[in-house]
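What follows is one structure encoded as structure tokens, with my remarks underneath.
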Amino acid sequence: MKLNKPPLLSSSSSSSSSSLLCAAPRSLCETLSPYSLIPRRLILLFVSDHSKLRSFVLVRVKVSSSTLANAKLVTLKSFAAKFHLCSSMATSDHPRSRHRRDESPTKPNKKKKASHNQEKNLLVSLHSCSKSKNLSAALSLYDAAIASGDVRLSQQHFQSLLYLCSASLGDPSLQTLAINHGFQVFERMVSSGISPNEASVTSMARLAAAKGDGDYAFKVVKDIVAVGGVSVPRLRTYAPALLCFCERLEAEKGYEVEEHMEASGIALEEVEISSLLKVSAATGRENKVYRYLHKLRECVGFVSEETSKVIEEWFSSEKASEVSGIGSDVELLRAAALKNGGGWHGLGWVGEGKWIVKKGNVSADGECLSCGEHLACVDTNELETENFVNSLVALAVERKAKMNSSEPMEDFSEFQEWLQKHGDYEAILDGANIGLYQQNFTDGGFSLPQLEAVVKELCNKSGNKKWPLIILHKKRVNALLENPNHRNVVEEWISNDVLYTTPPGSNDDWYWLYAAAKFKCLLVTNDEMRDHIFELLSTSFFQKWKLRHQVRYTFVKGSLKLEMPPPFSVVIQESEKGSWHVPITCKDGEESLRNWICVTRQS
């Protein structure tokens with residue numbers, strides 16, 4: 001049957017039962033041909049792709065029951081397929097959608113975006129100037145940005161400018177420009193409410209020090225410490241003020257900076273210690289000179305050529321010859337040196353009179369070829385060793401507490417009791433490391449002959465033929481006992497109390513390291529000891545401990561070669577006789593060619 005198109009009603013006729021509650025626009029009506037019947041209640045979605053901006057219009061329509069009864073229903077899919085909407089409808093017939101678009105602040109957004117682009121472009125340009133070290137161009141960009149007033153400068157802008165100013169201090173032609181503008185930039189940064197970070201403060205401290213204003217360089221560092229937060233000063237932040245005070249012979253102010261650094265947990269390095277040593281020597285503070293010589297011993301080891309000159313100048317000075325010491329009680333000094341691990345006593349200057357300063361070499365066995373004195377192999381002191389041992393126990397206990405294994409695991413204290421019961425050992429063996437050495441081939445596996453060779457070699461080297469202690473995991477030991485070729489050797493070690501098996505879930509490292517530290521004996525392993533467990537230990541202490549106790553090994557065509565610790569330590573040494581030996585850096589790395597400063601006293 002033929003369906004006549006119902007007339008569209010005006011808004012005044014909306015009360016009729018057959019009216020459209022929301023009339024479709026005229027442009028819509030003209031597009032529907034043939035006119036398909038619309039379900040009684042339907043939400044229609046009209047889509048217009050106008051200027052690449054998709055608009056969505058919802059039209060709710062209602063038709064009468066009588067009309068529906070006389071009509072042939074069509075599916076929504078077929079209706080939608082025939083339904084088209086011209087692009088003009090979205091722009092002309094729907095003021096509500098147009099009103100929403102008009103509300104968008106397009107102009108302010110464009111202005112904000114343009115400002116953001118200017119700030120980004122300025123930062124890129126400043127970075128480019130930094131790379132090319134073009135201070136003049138960077139300052140021109142900065143001045144233009146300030147004059148325009150449209151660019152909001154951030155911490156990064158100021159930081160880049162301050163860095164470039166401080167980096168230009170090495171050029172005499174730019175030094176004045178860099179200092180003057182650097183101060184201006186920093187003042188604007190602070191007045192703008194921007195908190196300077198560590199990098200900005202470091203740059204400012206360098207500029208102040210170059211100006212000779214150590215007080216201001218120190219002030220900006222103290223300010224950042226007082227504020228706290230994420231910006232934490234570093235050695236480079238303090239160094240400008242410290243070095244400035246030392247160069248100007250303002251010793252007390254230099255000591256104040258050092259104290260501030262120690263309170264912040266920042267350690268001195270050679271340049272800073274050498275500067276404090278130099279200003280102490282120049283101002284006749286002999287006790288401070290003694291203190292900084294020992295700081296060099298602790299922190300540096302061998303010294304640079306520049307530092308060696310500072311040391312030589314002090315011992316050759318008239319003031320040094322006037323310094324009287326604590327006397328020559330050799331036994332007292334020797335006992336103090338032994339307690340400290342050897343190589344220094346720390347009780348003060350020894351002897352009287354003029355110092356004799358020479359430069360020479362040290363033989364392979366540690367004899368000074370200038371004075372004939374034998375240098376010591378420096379070990380860790382008693383307090384350091386005790387703390388080391390306690391930290392290892394704490395780590396082992398903490399690890400066991402975190403274990404969720406259902407299998408019972410013995411306490412680390414059982415190992416401690418076992419060691420106490422079976423006496424001292426002269427060497428500890430990392431059994432797994434030795435047995436698996438160079439076994440990464442197809443038929444490779446744990447090599448008991450390699451481990452046995454190390455045991456026999458150390459036993460022969462021992463003065464009283466004492467066996468070393470072998471540390472092996474329980475699983476490894478069980479596997480060796482099941483092998484008829486290995487059983488006799490392993491059972492002999494067990495019966496002689498020279499084999500300890502570590503329990504499942506434990507780390508072998510704790511056991512052999514603890515035993516070596518406890519007995520202050522040798523540790524045979526090629527392990528570099530870089531795992532996380534070793535990172536928890538003091539780096540400076542641990543390196544010193546390894547140098548004194550670790551024995552490395554190699555097998556060349558089945559022949560064992562042990563690399564024993566050096567017979568003497570390449571560090572500044574102070575003997576019970578009052579003499580000093582200072583190693584100087586060696587470019588070639590050949591120890592026999594290294595120069596040492598030998599300082600002795602006639603009495």
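For Lys339, the NZ atom sits in a loose shell: 12 or fewer heavy atoms of surrounding residues, nucleotides or ligands are nearer than 6.0 Å. The neighbour count for Lys359 NZ, taken as heavy atoms of other residues, nucleotides or ligands under 6.0 Å away, is above 12. Counting heavy-atom neighbours within 6.0 Å of Tyr163 OH, excluding the residue itself, gives a total of 12 or less.
Under the rule for a ring pair (Phe, Tyr, Trp, His ring centres under 6.0 Å), the partners of His294 that lie at least two apart in sequence or sit in another chain are Tyr290, Trp344, Trp580.
Using cut-offs of 30° and 60° for the angle between ring planes, the Phe555 and Tyr553 rings count as perpendicular. Using cut-offs of 30° and 60° for the angle between ring planes, the Trp596 and His581 rings count as perpendicular.
Within the 4.5 Å cutoff, the side chain of Thr202 has no heavy atoms near those of the Arg234 side chain. Side-chain atoms of Cys244 and Glu247, non-hydrogen and from C-beta on, never get closer than 4.5 Å to each other. Using a 4.5 Å heavy-atom threshold, the side chains of Arg297 and Glu574 count as separate. Here the side chains of Pro468 and Val455 are in contact, with some heavy-atom distance below 4.5 Å. A 4.5 Å side-chain heavy-atom check between Phe542 and Phe388 finds at least one atom pair inside the cut-off. Using a 4.5 Å heavy-atom cutoff, the side chains of Leu276 and Leu242 are in contact. Tyr255 places a side-chain heavy atom less than 4.5 Å from the side chain of Glu252.
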Could you pull out all donor-acceptor pairs under 3.5 Å where a side-chain atom in residues 308-315 meets a protein atom, sequence neighbours excluded?
| from | atom 1 | to | atom 2 | distance (Å) |
| --- | --- | --- | --- | --- |
| Ser308 | OG | Glu305 | O | 2.6 |

Using residues 518-525 as the side-chain source, report each donor-acceptor pair under 3.5 Å to any protein atom, sequence neighbours left out, with the distance given to one decimal.
| from | atom 1 | to | atom 2 | distance (Å) |
| --- | --- | --- | --- | --- |
| Thr525 | OG1 | Asp430 | OD2 | 3.0 |
| Thr525 | OG1 | Asp527 | N | 3.0 |

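Annotation: Trp510 is not in aromatic contact with Phe412 [ring centroid separation under 6.0 Å not met].
His374 and Asp365 share no donor-acceptor pair across their side chains, judged by distance under 3.5 Å alone. Side-chain N/O atoms of Thr380 and Thr385 include a donor and acceptor closer than 3.5 Å.
Between Leu458 atom CG and Trp467 atom CH2 the span is 12.0 Å, to the nearest 0.5 Å. Separating the CE atom in Met261 from the OH atom in Tyr238 is a distance of 7.5 Å, to the nearest 0.5 Å.
Geometrically, Lys253 does not engage Phe218 in a cation-pi contact defined by less than 6.0 Å to the ring centre and at most 45° from the axis.
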